[in-house]
Amino acid sequence: MQPDIYLPKTDIVVWENWYKVSARQKYFRGLVMNNEEKIGDRISPLAMGAEQFRALGYQLVDRIAGFLDSLPERRVTPGESPSDIRKALSAERSLPLKASDPGPLLDQAAELLFEHSLFNGHPRFWGYITSSAAPIGALGEMLAAAVNPNVGAWPLSPMASEIEAQTIRWIAEMLNYPTDCAGLFVSGGNMANFVCFLAARQAKAGWDVRTKGTNATCLRVYVSKETHTWIQKAADISGLGTDAIRWIPTDRELRIDLSALRDQIRADTEAGDKPFLVVGTAGTVSTGAIDPLPELAAICREFNLWFHVDGAYGALAAVLPDAHADLAGMREADSVAVDPHKWLYAPLEAGCALVRSPEKLRDAFAYHPPYYHFGIEAINYFDLGPQNSRGFRALKVWLALQQVGRDGYIQMLSDDTRLSRALFERIGRYPALEAFTQSLSIATFRYVPPDLDSANEEAQRYLDELNRELLTRLQNGGEAYLSNAVIDGKFVLRACIVNFRTSLADVEALLPLVVRVGDDVDRSLRPQILRTKA
């Protein structure tokens, strides 16, 4: 009879070392299985004995610890091209047919990541709003993966579900948001905002959108011109279409213009459209601007609209004793999106959606009545969001919140904010730098050669080109990592500090670097006609 399965004919010493196979398992090296027989002493190629797992785990943790210690001495990024990265990976190779020793595989993976990555944990990474990740979060991810709960249904994840619920309450507490709200962890800010958007659409459309879909009535959503691009994706995937978005102009502080908002809501209502949602931002991506949230809440009450706050970046600043007064308006919001992988320093991914009314969130996603266990309603997160299968994202946040406590986060967020202000204040010491904005932990500025007459349009176009090239060289250079913003049509450099590893010495090293690189770029780029002031 042709056997269905053979165990590998591996040297018994190696086999014993890898899998710690029992004497009985060794005996059945030629195990045959058919439909009527039990598999018995199965040996899976993915299995790993306790001793092997322990040895490999210790080695990897030691290597990660060394990597974290080495971050300040490393380049922020290697500045390699896509072809360089693919060459290092041997990207064109086919899927291996044969098994490999897991030890060398882990070593190879660590080498690839440690030598060919951009490090947002580096103390001089101030580019996008991605934080330096807490080490306890990395350990939490390992623990979560070991248990591997599916945090979609309570029976599949009883403790994980309750830890997520407790973490959501703690985050709401930090925001001064009602702690009896509903919420769930998602991948990031986009998904957190999507969840809240869909809850708003179901609650305010005026008909059962989930059953009937969108109809001829034009639903309208109101956002400032500084709102993140998640709003376009939400309007698109929800079936409203991006024409449903009303882009409201901003004031001189880049906050939504309240008068223009009122006028647009009235005009749409008179035209027969259906306004349903106003989005305020607690910390815009470009500059950290905070919309007048209390006034937006009042407008939403007046017109019976859903009030949502995109607080993916700045909402957590509400925990600070000197928090911006407008952040108090979040308490009145129907929903809030916040990203723990931004200003709670959690490893990616960790977004969080909060909805004031649990029933409204269930109305948007559930397809059956609440589930009860032991006579008590259990939390089934697949009823509160789009996913059925869900990873245990909350654990890393739960651990960090307890490791440092509320006071620890107040200290770290305050430090980031003070460092941003210190950077902004020092810009004026350099004649070649022009300051633009500072809010929360974001400062913006640009390089302007002191001998350039920047009063004409040609010079302004040149300054945009100059600062774009300056940014590219800074990013590829690896000494510090910034991003950009566009303010009043001008291309500017942007430093966002959400990094518990950043020190004042790091900040003070940035501006001389910008001036040095800017001088080099100017010498190579500036047209002769702009060489000197008129």
Side-chain angles (χ1 to χ4, degrees), residues 38-39 42 44-50 53 57 133-134 136-173 179-199 202 210 237 335 337-341 344 346-355 357-403:
K38 295 179 66 176
I39 193 168
R42 178 183 180 185
S44 168
L46 274 177
M48 192 178 289
F53 184 86
I136 198 171
L139 296 174
E141 288 282 73
M142 185 177 184
L143 179 57
V147 178
N148 197 34
N150 182 347
V151 197
W154 195 93
L156 303 180
S157 55
M159 182 52 71
S161 294
E162 296 303 326
I163 285 176
E164 181 161 344
Q166 185 177 59
T167 309
I168 287 165
R169 289 195 296 273
W170 287 349
I171 291 174
E173 185 180 327
T179 55
D180 59 352
C181 66
L184 75 166
F185 275 82
V186 291
S187 59
N190 271 21
M191 284 306 304
N193 282 303
F194 290 173
V195 166
C196 298
F197 185 99
L198 292 172
Q202 174 65 17
R210 300 181 71 199
I237 66 175
S335 58
V338 60
D339 263 8
H341 68 217
L344 284 183
L348 293 160
E349 301 169 344
C352 184
L354 305 176
V355 176
S357 168
E359 293 76 18
K360 298 298 184 185
L361 191 54
R362 281 187 53 83
D363 288 347
F365 293 101
Y367 278 99
H368 49 73
Y371 166 72
Y372 288 84
H373 193 74
F374 301 117
I376 300 172
E377 184 176 348
I379 303 170
N380 281 334
Y381 281 105
F382 61 69
D383 284 336
L384 304 181
Q387 288 182 266
N388 274 16
S389 300
R390 300 176 66 248
F392 192 9
R393 295 186 179 103
L395 182 61
K396 56 197 171 189
V397 182
W398 183 80
L399 288 168
L401 285 170
Q402 294 175 92
Q403 181 192 2

Which distance, rounded to the nearest 0.5 Å, do you find between the CG of Asn148 and the CG of Leu143? 11.5 Å
If you compare all heavy atoms of Ala144 against all heavy atoms of Pro149, which two are closest, and at what distance to 0.1 Å? O-CD, 3.5 Å
Got a second to check how far Gln403's CD is from Leu139's CG, nearest 0.5 Å? 9.5 Å
Any pair with a residue in residues 155-165 that passes side chain to side chain donor-acceptor pair (under 3.5 Å), sequence neighbours left out, goes on the list, sorted by first then second residue, please. Trp154-Glu162, Ser157-Ser161, Glu164-Arg390
Within 6.0 angstrom of Phe53 CZ, more than 12 heavy atoms from elsewhere: no
Once salt bridge (Lys or Arg N to Asp or Glu O under 4.0 Å) is applied, do any residues pair with Arg169, and if so which ones, sequence neighbours excluded? none
Between atom CZ of Phe365 and atom CZ of Phe382, what is the distance when rounded to the nearest 0.5 Å? 14.0 Å
Apply side-chain contact (heavy atoms from CB on, under 4.5 Å) to Phe392 and Ile163, showing your working. CA-CA 9 Å; Phe392 192 9; Ile163 285 176; 3.9 Å; yes
Might you work through the side-chain contact (heavy atoms from CB on, under 4.5 Å) test for Arg210 and Asp363, ending with a clear yes or no? CA-CA 9 Å; Arg210 300 181 71 199; Asp363 288 347; 5.8 Å; no
Leu344 vs Ile171, test: side-chain contact (heavy atoms from CB on, under 4.5 Å). Steps then yes/no. CA-CA 10 Å; Leu344 284 183; Ile171 291 174; 4.3 Å; yes
Got a sec, which residues hit side-chain hydrogen bond (donor to acceptor under 3.5 Å, both in side chains) with Glu377, two or more places apart in sequence or on another chain? none
Are the side chains of Cys352 and Leu184 in touch, meaning some heavy atoms are under 4.5 Å apart? no
What distance separates Trp398 CH2 from Leu401 CG, expressed to the nearest 0.5 Å? 10.5 Å
Please tabulate, for the side chains in residues 188-198, all donor-acceptor contacts under 3.5 angstrom to protein atoms that are two or more places apart in sequence or on a different chain.
{"unit_1": "Asn193", "atom_1": "OD1", "unit_2": "His308", "atom_2": "NE2", "d": "2.6"}
{"unit_1": "Asn193", "atom_1": "ND2", "unit_2": "Gly189", "atom_2": "O", "d": "2.9"}
{"unit_1": "Asn193", "atom_1": "ND2", "unit_2": "Asp310", "atom_2": "OD1", "d": "3.4"}

Provide the closest heavy-atom pair for Leu361 versus Gly183 in the form atom of the first, atom of the second, distance. CD2-N, 4.1 Å
Between Tyr367 and Arg362, is there a cation-pi geometry (under 6.0 Å to ring centre, at most 45° from the normal)? no
Looking at every heavy atom in both Arg393 and Val186, which two are closest together, and how far apart are they? CD-O, 3.2 Å
Tyr381 vs Asn150, test: side-chain contact (heavy atoms from CB on, under 4.5 Å). Steps then yes/no. CA-CA 10 Å; Tyr381 281 105; Asn150 182 347; over 6 Å; no
Can you see which heavy atom on Ala350 is nearest to which on Pro340, and at what distance? O-CD, 2.9 Å
Kindly compute the distance separating NZ (Lys396) from CZ (Phe185), expressed to the nearest 0.5 Å. 9.0 Å
Check for a donor-acceptor pair, side chain of Asp339 on one end and backbone N or O of His341 on the other, with a separation under 3.5 Å. no
Kindly compute the distance separating CG (Leu348) from CD (Glu141), expressed to the nearest 0.5 Å. 9.5 Å
Ala165 to Ile379 - nearest heavy-atom pair and separation: CB-CD1, 3.4 Å
Test of understanding: with side-chain hydrogen bond (donor to acceptor under 3.5 Å, both in side chains), list the residues that count as partners of Gln402, not counting sequence neighbours. none
Using the side-chain hydrogen bond (donor to acceptor under 3.5 Å, both in side chains) criterion, which residues pair with Asn380? Sequence neighbours excluded. none
